[in-house]
Amino acid sequence: MSEKASNRNQNSYVEKISTFEKVAYGGGDLASNFVLVLTSTFVIFFYTDALGLSAGIIGAIMLFSRFADGITDIIMGYVMDKTRSKHGKARPWLLWLAIPIGISTILVFLVPNLGDVGKYIYIAITYNLVTTFLYTMINIPYGAMTSLMSRDQNQRMIINIFRMFMAQVGALVINACTLPLVNAMGGSAHQKSWVIVSIIYGVIATALFLLCFAKTKERVAIQNDKSKKLSFGTSFKLILKNNYWLLLVGIWVSMVLGMSMSMSVGTYYAKYILGNENYAGFLGALGIVPILIIIPLTAPLNKKYGKRNVALVGSFISILGQSLMLINPGSATWLMVCTVIKGVGSATLSGTMFAMIADTIEYGHWKTGTRVEGMLYSSTTFGAKVGAGVGGAVALAIIGAAGYNGFAAVQTPSAVKAIKVLYLVVPIPFMLIIPILYGLYKLDKIYPKVIEELRQREEGQQKAM
């Protein structure tokens with residue numbers, strides 16, 4: 001591509017989006033984390049240690065939920081691509097589902113005393129209501145909004161940074177405050193304490209989703225958009241032709257698999273190895289602090305070195321942090337140091353992932369002639385959610401088989417060993433896959449050509465109309 005064309009491309013999709021709109025959009029991911037972290041990380045501990053239910057059975061329910069969740073992700077992406085309303089194709093879902101998801105978050109913790117079988121049935125219904133249906137139906141359109149708010153690559157990058165910064169704020173607050181807040185309300189062994197906290201989080205999430213809807217705007221409207229006319233099968237075939245999207249799916253699945261297996265036993269590790277369950281939230285929060293500091297700095301780094309290169313370096317830093325944990329795994333202080341190092345690496349992945357997914361949407365449109373942002377984004381989260389489900393279920397099945405009992409004051413040596421291996425060792429091989437896949441990602445280099453040729457096609461279509 002000529003220098004003239006390249007310069008013209010740099011000005012083709014330059015847009016100004018207010019800081020408040022970016023904050024409002026980031027508020028959607030803040031809301032998502034209030035729901036997601038509470039109903040994925042801490043709910044396991046609630047089920048086993050507050051209700052005394054089997055870790056193995058809870059793991060099986062969650063495994064089913066994650067697979068079902070992955071399927072509903074793809075279906076929701078297809079539905080979103082066909083949505084047409086005065087509010088756009090993604091934003092209206094925030095309005096329609098903000099209140100239902102807040103209420104359903106509370107229902108997860110209102111488990112009635114119906115006997116163990118009745119409790120498992122109730123959990124299967126309410127947990128799937130939140131994660132498999134409502135969270136999917138609100139989060140898929142929310143995530144796809146990055147590609148609908150702007151086609152300006154720099155604006156997308158900044159939007160993504162606001163989003164991930166506020167998502168990490170949500171994760172920080174929940175990790176740092178949930179167990180202390182639960183204990184302040186009466187203790188983690190009492191269901192009432194968890195219900196009160198879920199009400200607080202549910203109300204906050206609802207308000208943030210409504211703010212996100214009210215203060216954001218969809219600007220990308222494609223002339224002669226074919227996505228509404230496509231069958232589900234055709235849409236799915238189109239996304240499989242997007243090789244850079246496939247690489248990002250592989251990266252995300254690898255990251256989530258290792259992370260979910262470790263996080264699923266994080267509270268148990270803190271309670272039985274470090275001697276204080278509150279360390280789990282503190283370590284989780286500590287890992288987020290460097291992400292909050294570094295994510296804003298990724299914008300100039302991404303612009304200068306490219307998103308792929310920045311993320312690649314970060315993946316090696318994350319591996320280093322996880323590996324160093326093995327030196328002194330019984331020391332909470334040492335784990336804090338290692339967690340900070342991991343957080344530095346995670347910041348670059350968080351600061352680039354969704355902007356890169358948005359880029360693959362443009363690439364898929366350029367390559368196939370059809371834009372299917374809903375299907376592309378939802379299929380990405382499908383892989384991540386199935387990975388999280390498999391990782392969490394496998395981890396719970398392992399500690400259950402090793403003899404873990406939530407009501408026991410002291411766990412068996414085999415259960416303790418299983419918790420240690422899952423928390424310390426298992427994430428490493430999954431983390432090693434990530435830099436290999438990043439090495440194959442070359443879209444940053446050809447993106448100017450992609451966006452310029454899309455512009456030329458659309459100008460030609462407008463002249464022909």
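Given the structure is predicted, the values throughout are model-derived calculations rather than measurements. The figures that follow rest on heavy atoms only: side chains count, while hydrogens, waters and symmetry mates do not.
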Determine whether [X] and [Y] make a side-chain contact, defined as any pair of heavy atoms from C-beta on separated by less than 4.5 Å.
X: Val108; Y: Ser198; answer: no
X: Tyr269; Y: Leu335; answer: yes
X: Ile291; Y: Met164; answer: no
X: Tyr244; Y: Leu247; answer: yes
X: Val197; Y: Phe42; answer: no
X: Leu312; Y: Tyr441; answer: no
X: Arg308; Y: Leu443; answer: no
X: Phe209; Y: Ser32; answer: yes

Indicate whether the side chain of [X] and that of [Y] have a donor and an acceptor atom separated by less than 3.5 Å.
X: Ser65; Y: Thr132; result: yes
X: Thr48; Y: Tyr404; result: no
X: Asp69; Y: Thr136; result: yes
X: Thr178; Y: Tyr201; result: yes

Using modelled atom types and a 3.5 Å cut-off, is there a donor and acceptor pairing between side-chain atoms of [X] and backbone atoms of [Y]?
X: Ser414; Y: Ala402; answer: yes
X: Ser262; Y: Met259; answer: no
X: Ser104; Y: Pro100; answer: yes
X: Trp194; Y: Val43; answer: no
X: Ser350; Y: Ala347; answer: no
X: Gln322; Y: Leu424; answer: yes
X: Tyr47; Y: Tyr120; answer: no
X: Ser188; Y: Asn183; answer: no
X: Thr83; Y: Val79; answer: yes
X: Asn160; Y: Gly351; answer: yes

Just wondering, more than 12 heavy atoms not from [X] lying within 6.0 Å of its [atom1]?
X: Lys119; atom1: NZ; answer: yes
X: Phe282; atom1: CZ; answer: no
X: Tyr122; atom1: OH; answer: yes
X: Leu432; atom1: CG; answer: yes
X: Tyr279; atom1: OH; answer: no

Measuring from atom [atom1] of [X] to atom [atom2] of [Y], what distance do you get when rounded to the nearest 0.5 angstrom?
X: Tyr127; Y: Ile58; atom1: OH; atom2: CD1; value: 9.5 Å
X: Thr39; Y: Phe109; atom1: OG1; atom2: CZ; value: 7.0 Å
X: Ile158; Y: Thr298; atom1: CD1; atom2: OG1; value: 10.0 Å
X: Asn302; Y: Asn309; atom1: CG; atom2: CG; value: 9.5 Å
X: Ile399; Y: Gln411; atom1: CD1; atom2: CD; value: 8.0 Å
X: Leu283; Y: Thr339; atom1: CG; atom2: OG1; value: 5.0 Å

| task | Provide the closest heavy-atom pair for Pro141 versus Met80 in the form atom of the first, atom of the second, distance. | result | CA-SD, 3.5 Å

| task | Return the minimal non-hydrogen interatomic distance between Thr348 and Gly314, and the atom names on each side. | result | OG1-CA, 3.0 Å

| request: In sequence, state the C-alpha distance, the side-chain angles, and the governing distance for His190 and Met185, and then conclude on side-chain contact (heavy atoms from CB on, under 4.5 Å). | output: CA-CA 9 Å; His190 300 286; Met185 297 296 173; over 6 Å; no

| remark: Test side chain to side chain contact (heavy atoms under 4.5 Å, CB included), reference Cys212, set Asp29, Leu30, Leu94, Val23, output is Leu94

| How are the rings of Trp96 and Trp93 set to each other: parallel, tilted or perpendicular (split at 30° and 60°)? | perpendicular

